[in-house]
Amino acid sequence: MIEDIARVLSVGPALVLTGAGMSTASGIPDYRGPDGTRRVQPMDYSEFVGSSGARQRYWARSFVGWRRFSAARPNAAHHHVTRLQELGAVGPVITQNVDGLHQAAGTRDVVELHGNLVEVVCLTCDARVDRPTLDARMAADNPGFDVDSDEIRPDGDVRLDSVDVERFRAPICRTCGADTLKPDVVFFGGSVAKPLVQHCYDLVDAAPSLLVLGSSLQVMSGLRFVRHAAKRGIPVALITRGPTRGDDLVDHRVDGELGDSLRSLVEAVTAGVTAARP
């Protein structure tokens, strides 16, 4: 099947869609187990905007989780995607991840469908601050808050006891003074901006094929692009572990670990490129 996917990529650079499975080898777990069941319940958008208490809870957990999340580094799968780009086998990458690891691995033309945790926006006045700066401010406002956790979640937070949450001072916006700072990412229950969704549809339309990596396609955010490609007759290849919601839509399917599978794909593509040279 890897050779079949390599032949699909030989037609022209595929559009890539990646999910949380891309980053599990970097120490960032995905939301769901192999059977598609959700492992963790992240805070959703309505809860976050609904009360100061919810925002305090989010920022306390995120402050602790950021230490491990920000230390994550690209794994072999990220680097293999970059190599496939260099070989001309893949083009732009749409990622559902908010960790920035594709860019850290040198991948170009990355579209962050759900945003990136490194950016923070005020919901009241639209002021922005980068996360490292905000993290330093939260540390200064919470001296002695040395709670630690060996847990990490895909959105960067952790579980904390309520006693720890209650003593944490949540950040406020230095422009308007509101406590409505939010990571510039799409929370569960939120929606991706329509112009960005349309841009992704346009990328699908322009691509000779779609390569899906590390996604269970359980949420419509990514599944819609697979459905769109299938409807347009654009070949879809998928590499991930376990069943997905889009299995009936794909032309080529590999159930396996991404690092090994993508290494094999790079080798197959490289062999094809070498064989095609005069």
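Positions are given from 1, in the same order as the sequence printed here. Owing to the predicted nature of the structure, the values given are computational and were not obtained by experimental measurement.
Annotation for Ser52 and Asp179: closest pair OG-OD2, 2.6 Å, computed over non-hydrogen atoms. The nearest pair of heavy atoms linking Ser221 to His114 is OG-NE2, 2.6 Å. The nearest pair of heavy atoms linking Ser215 to Gln96 is OG-OE1, 3.3 Å. Between Asp99 and Ser23, the closest heavy-atom pair is OD2-OG, 2.7 Å. Of all heavy-atom pairs between Ala268 and Ala6, the closest is CB-CB, 3.8 Å. When all heavy atoms are compared, the tightest approach of Leu262 to Ala77 is CD1-O, 3.7 Å.
Here the side chains of Pro171 and Asp141 are not in contact, with every heavy-atom distance at 4.5 Å or above. Ser62 places a side-chain heavy atom less than 4.5 Å from the side chain of Arg131. In this structure the side chain of Leu211 reaches within 4.5 angstrom of the side chain of Leu265, judged on heavy atoms. By the 4.5 Å heavy-atom criterion applied to side chains, Asp184 and Asn116 are not counted as neighbours. At a threshold of 4.5 Å between non-hydrogen side-chain atoms, the residues Cys125 and Cys122 count as touching. Using a 4.5 Å heavy-atom cutoff, the side chains of Asp44 and Glu47 are in contact. At least one side-chain heavy atom of Pro74 sits under 4.5 Å from a side-chain heavy atom of His79. The closest side-chain heavy-atom distance from Val90 to Pro13 is not below 4.5 Å.
Glu257 contributes a side-chain N or O that, together with a main-chain N or O of Gly259, makes up a donor-acceptor pair within less than 3.5 Å. Between the Arg61 side chain and the Tyr58 main chain, no donor and acceptor come within less than 3.5 Å of each other. Side-chain atoms of His252 never come within 3.5 Å of backbone atoms of Ile5 as a donor-acceptor pair (strictly under, hydrogens ignored). Using a distance-only test at 3.5 Å, with no hydrogens or angles considered, no donor-acceptor pair links the side chain of Trp66 to the main chain of Pro132. Thr240 places no side-chain N or O within donor-acceptor distance of the main-chain N or O of Leu213, the cut-off being under 3.5 Å. Judged by distance alone, with hydrogens and angles left aside, the side-chain atoms of Asn97 form a donor-acceptor pair with the main-chain N or O of Ala20 at under 3.5 Å.
Of the inter-residue distances, the one linking Gln85 atom CD with Asp109 atom CG reads 6.0 Å to the nearest 0.5 angstrom. Atoms CD and CG, on Glu119 and Asp130 in that order, are 7.0 Å from each other to the nearest 0.5 Å. Distance check, rounded to the nearest 0.5 Å: CD of Glu166 to CZ of Arg57 gives 10.5 Å. In this structure, the separation between CZ on Phe63 and CG on Asn142 is 6.0 Å, given to the nearest 0.5 Å.
Of the options Asn75, Ile239, Thr18, a side chain to side chain contact (heavy atoms under 4.5 Å, CB included) to Leu258 is made by Ile239 and by none of the others.
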side-chain hydrogen bond (donor to acceptor under 3.5 Å, both in side chains) assessment of Gln103 paired with Glu112: CA-CA 10 Å; Gln103 296 92 320; Glu112 294 178 312; 2.9 Å; yes
List the steps and the verdict of side chain to side chain contact (heavy atoms under 4.5 Å, CB included) for Met22 and Thr95. CA-CA 9 Å; Met22 278 295 302; Thr95 184; over 6 Å; no
Show your working on side chain to side chain contact (heavy atoms under 4.5 Å, CB included) between Leu134 and Trp59 and close with a plain yes or no. CA-CA 11 Å; Leu134 183 64; Trp59 282 114; 3.7 Å; yes
With side-chain hydrogen bond (donor to acceptor under 3.5 Å, both in side chains) as the criterion, how do Thr107 and His78 come out once you've worked through the C-alpha distance, each side chain's angles and the decisive distance to 0.1 Å? CA-CA 8 Å; Thr107 303; His78 294 106; over 6 Å; no
When you look at Phe188 and Phe48, which way does the ring-ring contact (aromatic ring centres under 6.0 Å, His included) test go after all the steps? CA-CA 10 Å; Phe188 275 79; Phe48 183 88; over 10 Å; no
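Cluster membership for Met1 and Val8, using ILVMFWY side-chain heavy atoms within less than 4.5 angstrom, is not shared. A continuous path of hydrophobic side-chain contacts links Leu87 to Ile2 [ILVMFWY only; heavy atoms under 4.5 Å]. In this structure, Val98 is not a member of the same hydrophobic cluster as Val118, with clusters built from ILVMFWY side-chain heavy atoms closer than 4.5 Å. Cluster annotation: Ile172 is not connected to Val129 through the hydrophobic network of ILVMFWY side chains, with a link wherever side-chain heavy atoms come within less than 4.5 Å. There is a path of hydrophobic side-chain contacts, each under 4.5 Å, that joins Tyr45 to Val185.
Within 6.0 Å of CZ on Arg174 lie no more than 12 heavy atoms contributed by other residues, nucleotides or ligands. Counting non-hydrogen atoms of other residues, nucleotides and ligands closer than 6.0 Å to CZ of Arg169 gives a total of 12 or fewer.
Salt bridge present: Arg253 and Asp247 bring a charged side-chain N and a carboxylate O closer than 4.0 Å.
Chaining together hydrophobic side chains whose heavy atoms lie under 4.5 Å apart places Leu196 alongside Leu15, Leu17, Ile94, Val111, Leu113, Val186, Val192, Val197, Tyr201, Leu203, Val204, Leu210, Val212, Leu217, Met220, Leu223, Phe225, Val226, Ile234, Val236, Leu238, Leu249, Val250.
Counting only residues at least two apart or on different chains, the salt bridge (charged side-chain N to carboxylate O under 4.0 Å, His left out) pairs with a member in residues 186-209 are Asp205-Arg232.
The aromatic ring centroids of Phe145 and Phe168 lie less than 6.0 Å from each other.
Thr124 and Thr180 are linked by a side-chain donor-acceptor pair at a separation below 3.5 angstrom, with hydrogens and angles left out of the test.
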